[in-house]
Protein chains: 2
Amino acid sequence: MNATIKDVARAANVSIATVSRILNNQPGYSLKTKQRVLKAIKTLNYQPNAVARGLINKKTRTLGILVPNVSSMFSSLLLKGVEDAAYTRGYSVIMCHTANSGVRTMDYLHVLKEKRVDGLLFTSEVLKDAYYDEIRRMGVPLVLLATQSLNDSIPYVKVDDRMAAYHAVRYLIAKGHTKIGMISGNKEDRIAGQPRIDGFIQALKDHNLSFNQKQIVYGPSFSFDDGKRLLPDLLSKNRGLTAIFAASDFLAVGALSAAYSSGLRVPDDLSIIGYDNLEIAKMSLPPLTTVGQPLFQIGSVGGMMLIDIIEGKGNVEGRILPHQIIERQTVSERSKALTEKNYDKQ
Amino acid sequence: MNATIKDVARAANVSIATVSRILNNQPGYSLKTKQRVLKAIKTLNYQPNAVARGLINKKTRTLGILVPNVSSMFSSLLLKGVEDAAYTRGYSVIMCHTANSGVRTMDYLHVLKEKRVDGLLFTSEVLKDAYYDEIRRMGVPLVLLATQSLNDSIPYVKVDDRMAAYHAVRYLIAKGHTKIGMISGNKEDRIAGQPRIDGFIQALKDHNLSFNQKQIVYGPSFSFDDGKRLLPDLLSKNRGLTAIFAASDFLAVGALSAAYSSGLRVPDDLSIIGYDNLEIAKMSLPPLTTVGQPLFQIGSVGGMMLIDIIEGKGNVEGRILPHQIIERQTVSERSKALTEKNYDKQ
DNA sequence: GTGATCATCGTAAACGTTTACGTTAATCCG
DNA sequence: CGGATTAACGTAAACGTTTACGATGATCAC
C-alpha cells in the first residue's frame, strides 16, 4: 500500500542505495539525481519506514516513561515536559501507567524492552531493585524524575526536597509564626516524606523554636482527603498553632477545606503553605501560597538529559533544579500583638 | 548484546523456525523440544525483538494519541483511559501533545506514520481536513474522543453535550431557579460551545422561561481566569440571577472565586453548576455540583473500540456515553419565598 | 598517454523475525 | 507389506531499510 524505498528507486531510475543516501544526506550522488529522487519521493508520497530503520540501526528514537498515575496533576506536568523535550529532539514517548503496581511495572519494562526503546524515564516512585535489575538487563540509559535512587549513581532531575521544605518553614517564621505544625503525607515516601519532614524540623531548630513530634501528623498518602482529615487532628493535638506546612498542595487544599468547615479563616486565623504549585494552587479559595517545583522543567530537562546520554553527548550527573516560594493568599503576616492575643485565647 | 532467536535456536539445537513456532504457539513440534527451547529462552533471558516482528507482521501493537494538552485535567483522564485499554489488550501508546498547533499536529502525524502505528486516537479538538487527509493516507483506523466530526462517519466516543447541558439546566430549574445565566467558553468550539448553548436555551424554552441573548456570556476559552472575569460581567448584565450554568468546571471554579471576592455566597446567594466533573470539582470551596462526563471511560471505551477495529472485530459505530449530574454543594433549593425576596431587593 | 584519484553510483549482506514450502521418518490402513 | 497420511522439523525468502564494498567512467597530474 505505502510506497517503499524500492518504489522510489524504480521511479527515479536509481538504486535503493542512492535513495537511502539522499534520505540521510550522505555524499555520493549528483545534484541532478538528487532532484530526480526528491521528485519521485514527493509524487509517491513516500515516507521511510521507521520500523525497518529501527531494525538495522538498532535505534527506535522512542523513549519510555513510567509514571504511577498518568492523570495526576503532578505526573501529567512531568509528562508534558518530557514530551516537549522529545518532540524538539525528534523522539517519541510511550507512556506507561504503573498504577503503583509491581507487576504492571514489570510488564511494562518487558514491553519496552521488546519494543527496543532507546531510553527510560522513571518517575516519582522509588526504584525497586527488581525494576533496576530489569533495566540493567535492557541495557538502555535511565534517568529519574522527581525521585532519586539511594544505592546507585543513576542520573536524576529533581528539587532539593529537604531544602525546599526548609525554605517553606523559614518563610512562615519570617512572617512571624512561631507555632507551626506540619501535615505530612506518607512518612515512608523516600522523597516527599522524610526529606520534607527533616527540612521542617531543621528550620524550627535553626530558629530556636521548640519541636515536638506531635507537631507533625501523617497520612497514608498526600491527597486532598488526607489533608481534610488530618487538619482537625493536628489542631487538636497542638493548641495555638498559627501556621501549617503541608507536604503537598492536595494536603494543603484539603486542610483549607477542613478549615472552612470548622469556621477557621485562612489566612486570618490560620496560615497554610503548600508544596508543588500545581494548577489547583492558584484556583483554591483563597489562592494557595506554596513552594513551587518546576515540574514541567524537571520533565524537559530530564528528557534532554536522557537523549544526550543516548546520543553520547552525556553528562551523566544528577541535577537539582531550583524551587521557589510562590506567594499567594494563604499566609498572613503575624504581628507580635496578634500572637499575644491568640495566646490569651487559650 | 541481547540474545536473538538464533541464539536460542543454537542453544536448543533446533532451527529458528521451530523457536518461532513455539513462541507464537503454533503447532509443529514435540513436547520435548518445546521444553528444551523454553529452557534455552529462560537461560538466555531471550525476549523477542518487537521491531523485527513489526517489520514482517506489519503490526506494531502501538497506538498514537493526539491531545491538545497532555497535562490538562481533562485530557490526562482521557489519556489514562486509553492507556488502560491499551494495556489490557497488549498495546502501547505514544502520546502526542499537539498544543493546538497545526504544524505540530502534522509533524506528529508524519512521525506516527513513519513509526507505523496501528491506529490513531484524536482528542478534544476539531478534526481539520488537512489532518483527516493525512490520516486517510496513512491508512490506519481512527477514533475520535470527546469530539466528533461533521462531514464523515468516523467512529467517536463522547457524551451528548446538548443533552447534558439540557439536564444541567433542567436540574437548576427543578431546584426552583428561574433566572438562570450561562457562562459559555469559546462559542466557536464545535463540541463544548454551541451544543451546550443550545441545550441551555432549549431547557429554558421547554420550561417556559424567557431567554435573552445577554443571559449568556462568552470567553475566549474555558479557563479559570475566564470564569473569574466573566461572572461579574454576566451579573451586571442580568439583575436577579440566582443560578448559573458554567460550560466547564474551570469556568465554574473561576466564577466561584469571583463570587467569593465580591461577597456573594455560594450557594446561598448564587447557585453554580459546572461541567466535566474534574478532580478539582470535589476540592473546590464549596464542592462543585456539576454534570459529570465519564472521561476515563470515554478513553478506555475509545481505546477498546480502536483495537477492535484494528483486529477486525470492529463495530465501527460512534458511541454516546451517559453523563450524570453530580450533586455537591454549589446549588441550593430555591423556595418561592426566597425568590420573591430577591425580587424585592432589586 | 598513462596511472592515479575521485565522484557517482549499484550489489548484496545484514538487522531479527515469520512463514510458505519441502523433507524426513514414523504411523496408519487395508 | 506397501502406499498414503501425518507429525516434526529445517530451509530460505521476505519485510524495508542501511552500509560496506566494488564498479565504472571522468578528471587530473605528469
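In this model, no donor atom of one side chain and acceptor atom of the other lie less than 3.5 Å apart for K115(B) and T62(B).
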Quick one: side chains of residues 300-313 of chain A, donor-acceptor pairs under 3.5 Å with protein atoms, not counting sequence neighbours, listed by atom name and distance.
| unit_1 | atom_1 | unit_2 | atom_2 | d |
| --- | --- | --- | --- | --- |
| S300(A) | OG | Q297(A) | O | 3.3 |
| D308(A) | OD1 | R89(A) | NH1 | 3.3 |
| D308(A) | OD1 | R89(A) | NH2 | 3.0 |
| E311(A) | OE1 | R89(A) | NH2 | 3.2 |
| E311(A) | OE1 | K313(A) | NZ | 3.1 |
| E311(A) | OE2 | Y91(A) | OH | 3.0 |

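Rounding to whole angstrom units, CZ of residue R61(A) and C1' of dT17(D) are separated by 16 Å. Remark: P of dT18(C) and NZ of K6(B) are 13 Å apart, rounded to the nearest angstrom. Computed from coordinates, the K59(B) NZ to dT17(C) C1' distance equals 17 Å when rounded to whole Å. When the P atom of dA8(D) is taken as reference, atom CG of N25(B) falls 15 Å away, rounded to whole Å. Straight-line distance from the NZ atom of K115(B) to the P atom of dG16(D): 19 Å, rounded to whole Å. In this structure, the CG atom of N2(B) is 14 Å from the P atom of dC15(C), given to the nearest Å.
Taking only side-chain nitrogens and oxygens, K58(A) never comes nearer than 4.0 Å to OP1 or OP2 of dA14(C). Side-chain N/O atoms of T4(A) include none lying less than 4.0 angstrom from OP1 or OP2 on dG16(D).
Counting non-hydrogen atoms under 4.0 angstrom, V51(B) reaches nothing in the nucleic acid.
Scanning for salt bridge (Lys or Arg N to Asp or Glu O under 4.0 Å) contacts around K80(B) gives an empty result, with sequence neighbours left out. With sequence neighbours excluded, the residues that form a side-chain contact (heavy atoms from CB on, under 4.5 Å) with K34(A) are I22(A), Y29(A), L38(A).
Remark: D7(A) engages R10(A) in a salt bridge, criterion side-chain N to carboxylate O under 4.0 Å. Look at R136(B) and D129(B) and you find no salt bridge, because none of the NZ, NE, NH1 or NH2 atoms lies under 4.0 Å from a carboxylate O.
Nearest to the side-chain atoms of L55(B) among the listed nucleotides dT11(C), dG16(C), dT17(D) stands dG16(C).
A heavy atom lying under 4.0 Å from DNA chain C marks the following residues of residues 27-49 of chain A, by number: G28(A), Y29(A), S30(A), T33(A).
Side chain of T60(A) to backbone of R116(A): a donor-acceptor contact under 3.5 angstrom is found. With hydrogens and angles ignored, the 3.5 Å screen pairs a side-chain donor or acceptor of N186(A) with a backbone N or O of E188(A).
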Distances under 3.5 Å between nitrogen or oxygen atoms of protein and nucleotides 19-28 of chain C:
| unit_1 | atom_1 | unit_2 | atom_2 | d |
| --- | --- | --- | --- | --- |
| dT19(C) | OP2 | Q26(B) | NE2 | 3.4 |

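Few gaps surround CD on Q26(B); more than 12 heavy atoms of other groups in view lie less than 6.0 Å from it. Annotation: N13(B), atom CG; neighbour count of heavy atoms from other residues, nucleotides and ligands within 6.0 Å does not exceed 12.
Rounded to 10 degrees, the angle between the two end axes of the helix from dG1(C)-dC30(D) to dG30(C)-dC1(D) is 40°, with five pairs used at each end.
The structure places CD1 of I65(B) at 9.5 Å from CG of L120(B), a figure rounded to the nearest 0.5 Å.
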